[in-house]
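What follows is a set of notes on a single structure, which appears directly below.
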Amino acid sequence: MRVSRLLGGVAAAALVASVLLAHSAAAAGANPTFKIANGRFERDGKPFRIMAGSIHYSRVVPELWADRLQRLRAMGLNAVEVYVFWNWHQAQPGPADFSTPSRQLAKFLQLAKEAGLVVMLRVGPYGCGEWNGGGFPWWLHTLEPPVQIRTYQSTYISAVEQWWAQLLPYLKNSGSLYENGGSVIMVQIENEFGSFGDVAGNPLDKQYMEYLVKTARQHLGDNIVLYTTDGGSVGYMSRGSLNGSAVYTVGDFGPGTDPHSSFAAQDQFNPPPMRGAHLCSEFYSGWLTHWGEHMANTSSSGLAKAMDTLFSLNASLSLYMGHGGTNFGRFAGANGGGSSFEPHITSYDYDAPLSEGGGHGYGSSGEDKYAAVQEVLLRWARKDGSPLPPPEAPAPAVASLGTVVMTGAAAVLPIGGGNAPNTNVFQVLCANQTTTAAGAPPPAFHTLGVSDGIMLALTKRPGPVNASGGLLDIGRPNDRAQVFVDGAFAGTVWRPSAAPVTCPAPPGPYIKNTMSVLVEDMGRLNYGKEMFDMKGFGPLAVPGASQPVLTLNGKAYEFTEPWVVCGMTLDDGLPEKIEFKPVQVGSPIAPWSYIQPAFFRGVLATPASGPVDTYIATYGWSKGYIWLNGVLLGRYWETKGPQHTLYVPASLLLPAGQGNELVFLEMERPNVTLMVSTVAAPDFSFGVRCSVEAAPAAGSAAVTWGVESAAESNQVWSVPAQGATGPIRLASDPSLCLQAGPEKDPSTGDPAAQLAACSAGEKAQQWTVAADGALLCEGSCLDITAHATAPGSAVETYACNGGDNQRWSAVTAAGGARIVSAMDGQALTACTAS
Ligand SMILES: *[C@@H]1O[C@H](CO)[C@@H](O)[C@H](O)[C@H]1NC(C)=O
Ligand SMILES: *[C@@H]1O[C@H](CO)[C@@H](O)[C@H](O)[C@H]1NC(C)=O
Ligand SMILES: *[C@@H]1O[C@H](CO)[C@@H](O)[C@H](O)[C@H]1NC(C)=O
Ligand SMILES: *[C@@H]1O[C@H](CO)[C@@H](O)[C@H](O)[C@H]1NC(C)=O
Ligand SMILES: *[C@@H]1O[C@H](CO)[C@@H](O)[C@H](O)[C@H]1NC(C)=O
Ligand SMILES: *[C@@H]1O[C@H](CO)[C@@H](O)[C@H](O)[C@H]1NC(C)=O
């Protein structure tokens with residue numbers, strides 16, 4: 001068994017001892033009991049303080065379940081809180097999967113027991129947790145009449161019914177409940193319902209919650225403690241919980257909040273004998289992170305102090321998270337609504353005390369968060385006279401496994417014009433092909449029988465062809481669409497902004513006259529009123545939203561030709577369906593200077609000493625997905641950050657010396673050398689590997705940065721007048737000029753914007769200020785790479801296309817002007833390697 005291999009003999013013996021202790025009630029012949037009585041939790045008749053932490057088995061490979069549970073117990077936890085995500089078990093309607101190793105929930109619950117931990121199980125049906133759709137399966141969208149989630153509506157309730165009629169008996173019959181000798185002491189119904197529905201104000205919402213409670217009781221019996229979790233105030237609890245004895249009402253709040261008011265609120269809903277038992281079921285130990293944000297990083301000492309305060313109030317808590325893990329596959333969700341859409345990164349490290357890779361987490365001042373939490377937990381365990389845990393297992397082995405050069409490639413779209421299929425990939429993609437009625441827009445993913453992934457929509461280019469191109473607005477695809485005209489990239493549409501795409505003017509007579517739109521699902525919303533969003537081209541779940549309107553040059557445009565649409569779920573096993581062709585940099589299949597979605601394949605060798613954990617670095621790549629030995633590790637978005645490495649647990653590698661198949665689906669541009677390195681530690685650094693405050697020199701990069709006084713001496717320039725051509729000098733050092741190249745932009749291979757000693761004869765320093773705000777150098781435009789809006793984004797020169805990322809305005813500042821992007825209001829700033 002994995003755990004005995006990882007633990008030293010001493011630790012293993014201690015683990016056995018603690019398990020025996022935990023089962024003393026059963027050993028003595030008494031039935032194990034857990035209840036809330038006398039205003040406190042009582043386990044086997046004795047007072048019990050819950051010291052829990054969240055861990056999600058769907059975010060940890062099953063080979064490491066025992067390992068992570070052991071480390072949480074060693075940290076001092078006596079309980080774990082666990083979400084059961086519906087879509088993890090029911091990828092399709094019908095029989096739920098509890099047998100694939102990663103879906104063996106009962107085994108996980110048994111391993112928790114063996115580690116000396118009891119379990120608070122959150123069975124939903126909704127789960128939030130930054131998980132795709134909050135756990136709701138995609139196929140709910142296919143049911144008729146249309147599902148209304150999280151209320152008493154017939155279609156929704158019958159879907160819940162057939163899910164719970166499998167889940168709950170499985171829990172009962174597998175002996176997972178505490179009273180049956182298992183680990184589950186409490187079961188949570190719904191989740192933060194008061195942030196979505198209103199039990200007090202809407203009779204159907206009340207009926208829904210009562211239905212869930214009744215159904216849980218029917219299957220799980222009278223003894224199990226049922227609870228609800230809501231925001232930590234009376235308002236949330238009134239909307240989300242059921243006042244009275246049917247459920248135990250709990251609040252959640254972070255270390256920065258005064259717990260007294262939340263506990264007082266709890267007391268207004270929990271009658272005796274529950275009243276007085278206080279619990280915070282999501283005490284935030286870190287925080288979630290979206291693409292384009294700095295990695296969450298919260299204080300370790302602040303957390304420890306707040307835990308201490310809670311314990312001194314005789315309260316119980318559950319850290320959210322104890323161990324975050326990884327959003328493998330396509331299971332990362334998104335936040336958003338209205339004009340906002342914020343997908344979560346692949347790592348779910350969360351800055352939790354136990355890090356994604358199983359080591360210690362570190363907080364904002366570099367303090368060891370695991371050690372800080374452990375000190376508090378063990379001190380209170382001693383005070384409470386609770387059994388102490390065994391020591392932590394030795395740290396997991398982790399190493400760089402060197403560098404891989406990709407040697408095979410397969411383009412997703414036909415190369416070089418037309419829709420002539422690039423045989424194999426196109427065939428895989430188009431297994432479920434649909435043709436729309438002429439004039440109708442392309443559909444949503446679920447109408448193709450495809451859960452999510454990528455969708456390709458092909459049609460004839462909208463006409464009549466305008467000699468100077470045309471501004472095509474394809475509305476608001478959910479979530480990201482890349483538009484190609486005759487195989488050439490025209491632009492990207494991103495859900496919140498949905499800016500129109502400029503279709504380039506035909507370079508010559510249009511022969512194929514085709515348009516391809518590649519839509520990428522970036523994860524379903526997991527929280528908020530607009531949850532339950534469709535993917536592909538369907539309307540958003542916004543009241544009154546309609547199908548997107550397609551316009552060309554501002555006029556409603558009806559495509560006269562139908563769209564041919566196909567969708568592909570990005571899943572484990574996909575790479576084996578793809579026929580890779582040998583590739584080398586510069587070969588005809590690889591026009592790397594253009595955005596060209598393609599699969600790449602290489603081989604990563606397992607060291608002779610055997611598998612160890614590693615991290616795959618995405619340096620120089622742009623955006624896409626990574627498979628290792630057919631397992632989809634998750635999404636990367638190097639040009640956005642902050643995640644630059646994807647975690648690979650050792651169990652995904654083949655035995656010593658063998659070659660592991662590494663496959664990237666790169667949606668934009670690959671690393672120009674087609675290289676991938678592996679590293680021994682995660683990298684969450686925020687894109688900027690240079691300083692905007694240091695004094696610049698020849699060779700410094702020019703990046704985008706917010707307008708800030710601290711960066712002022714590096715972001716004020718002297719700029720030629722509109723229509724004129726000349727150098728762009730740095731105002732604080734007029735001997736330095738903006739130059740295109742000779743460095744290449746790290747992710748594209750195009751000439752990077754940088755500083756160089758001014759030289760009158762240097763063509764790469766001559767800039768023309770065009771009327772539309774473009775800054776041209778040698779016929780190309782100053783361009784923000786990859787349309788990233790994060791500060792520190794790279795700037796290059798690239799074929800002019802009229803995009804917002806190529807339009808700038810000179811905003812007067814002391815001594816010169818700031819060069820401000822029309823895309824995001826950030827300013828061109830000299831940045832010096834630090
Ligand atoms: C819950 O019900 C009890 C008993 O009816 C009542 O005293 C209490 O005020 C209610 N709590 C809230 C928050 O309405
Ligand atoms: C905590 O519980 C102990 C023992 O029951 C009791 O003496 C003490 O007053 C309680 N403290 C608080 C703040 O409720
Ligand atoms: C948080 O910041 C500290 C100090 O820079 C660093 O040591 C730690 O690794 C960071 N934690 C995370 C999760 O990035
Ligand atoms: C095509 O649709 C069918 C049923 O709608 C589904 O079972 C199958 O997985 C889909 N195929 C692909 C490649 O997505
Ligand atoms: C041609 O396209 C340009 C934008 O690229 C637009 O300004 C112009 O109005 C279009 N002409 C016609 C006749 O649609
Ligand atoms: C390409 O990948 C290699 C290996 O990770 C890395 O050293 C190099 O810096 C990357 N190229 C760029 C331009 O980032």
Side-chain angles (χ1 to χ4, degrees), residues 194 199-200 230 233-247 249 251 264-272 274-275 285-289 293-301 303 321 324 345 347-357 359-370 400-406 585 592 600 602 604 614-622 636 638-639 641-647 662 664 666 669-679 681-687 689 701 743-750 752 785-786 794 796:
V199 165
D230 277 290
S233 69
V234 171
Y236 284 115
M237 293 176 195
S238 310
R239 291 190 295 276
S241 191
L242 295 169
N243 187 0
S245 57
V247 292
T249 299
Q266 251 191 286
D267 284 342
Q268 292 190 41
F269 292 82
N270 295 323
M274 296 192 290
R275 184 170 301 154
S285 63
W287 198 242
L288 54 93
T289 304
E293 291 177 355
H294 286 270
M295 181 65 189
N297 200 324
T298 66
S299 163
S300 304
S301 52
L303 173 65
M321 299 293 295
I345 61 173
S347 170
Y348 202 61
D349 179 272
Y350 211 81
D351 194 24
L354 185 60
S355 74
E356 181 178 18
H360 290 193
Y362 289 85
S364 45
S365 326
E367 311 143 297
D368 185 331
K369 196 174 269 187
Y370 184 99
S400 160
L401 306 185
T403 297
V404 176
V405 178
M406 298 305 213
V585 181
W592 305 139
F600 294 89
L604 175 69
T614 192
Y615 294 83
I616 294 174
T618 54
Y619 304 132
W621 295 76
S622 306
Y636 67 93
E638 176 65 20
T639 51
Q643 187 175 0
H644 307 283
T645 50
L646 261 55
Y647 173 57
L662 180 64
F664 276 44
E666 169 56 63
R669 287 177 263 214
N671 177 309
V672 282
T673 61
L674 294 189
M675 273 179 8
V676 178
S677 54
T678 56
V679 291
D683 180 355
F684 293 112
S685 63
F686 201 83
R689 293 190 171 78
E743 299 287 322
K744 301 282 191 214
D745 181 286
S747 65
T748 64
D750 297 320
T785 308
E796 62 180 6

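In listed order, ligands and their atoms are each counted from 1. Here the structure is a predicted model, which is why all the values come from computation and not from measurement.
Remark: minimum distance from atom 3 (C) of ligand 3 to any protein heavy atom is reached at Gly363 O, 3.2 Å. Counting only heavy atoms of the protein, atom 1 (C) of ligand 1 lies nearest to Asn243 ND2, 1.4 Å. The protein heavy atom nearest to atom 13 (C) of ligand 3 is Asp351 OD1, 3.4 Å. In this structure, the protein non-hydrogen atom closest to atom 12 (C) of ligand 3 is Asn297 ND2, 3.5 Å.
Heavy-atom contacts of Ser677 reach the following atoms of ligand 6: 4 (C), 5 (O) (cutoff under 4.0 Å). Below 4.0 Å from some heavy atom of Gly366 lie the following atoms of ligand 3, by number and element: 3 (C), 4 (C), 7 (O). Here is the list of ligand 6 atoms found below 4.0 Å of a heavy atom in Gly620: 12 (C), 14 (O). Listed by number with element, the atoms of ligand 6 under 4.0 angstrom from any heavy atom of Thr673 are 1 (C). Near Phe269, with a cut-off below 4.0 Å to any heavy atom, the atoms of ligand 1 are 13 (C). Each of the atoms 1 (C), 2 (O), 10 (C), 14 (O) of ligand 6 lies under 4.0 Å from some heavy atom of Tyr619.
Between Met675 and Val405 the shortest heavy-atom distance is CG-CG2, 3.7 Å. In plain terms, the two heavy atoms of Thr249 and Leu242 that are nearest each other are OG1-O, 4.0 Å. Taking each heavy atom of Ala617 and Val676 in turn, the nearest pair found is O-CG1, 3.6 Å.
Residue-environment remark: CZ (Phe269) exceeds the threshold of 12 foreign heavy atoms within 6.0 Å.
Protein heavy atoms all stay at least 4.0 Å away from atom 9 (O) of ligand 1. Checking atom 5 (O) of ligand 1 against the protein gives no heavy-atom contact under 4.0 Å.
Where the criterion is an N or O separation shorter than 3.5 Å, residue side chain and backbone included, Ser238 fails it with respect to ligand 1. Between Tyr362 and ligand 3, an N or O atom pair is found at a separation short of 3.5 Å. Every N/O-N/O distance between Ser365 and ligand 3 stays at or above 3.5 Å.
When side chains are defined from C-beta on, Asn671 does not count as touching Glu666, because their heavy atoms never get closer than 4.5 Å. Using a 4.5 Å cut-off on side-chain heavy atoms (C-beta onward), Tyr350 and Leu288 make contact. Annotation: side chain of Glu638 is in contact with side chain of His644 (closest heavy-atom distance under 4.5 Å). For the pair Pro670 and Phe600, the minimum side-chain heavy-atom distance is below 4.5 Å. Residues Met406 and Trp621 form a side-chain contact, since some pair of their non-hydrogen atoms from C-beta on lies under 4.5 Å apart.
A donor-acceptor pair under 3.5 Å is formed between the side chain of Asp349 and the backbone N or O of Glu356.
Nearest residue to atom 2 (O) of ligand 6 from Asn671, Thr403, Thr678 is Asn671 (criterion: closest heavy atom).
Side-chain contact, Ser301 with Glu367: a donor N or O sits under 3.5 Å from an acceptor N or O.
Residue Ser355 does not touch ligand 3, judged by heavy-atom distances below 4.0 Å.
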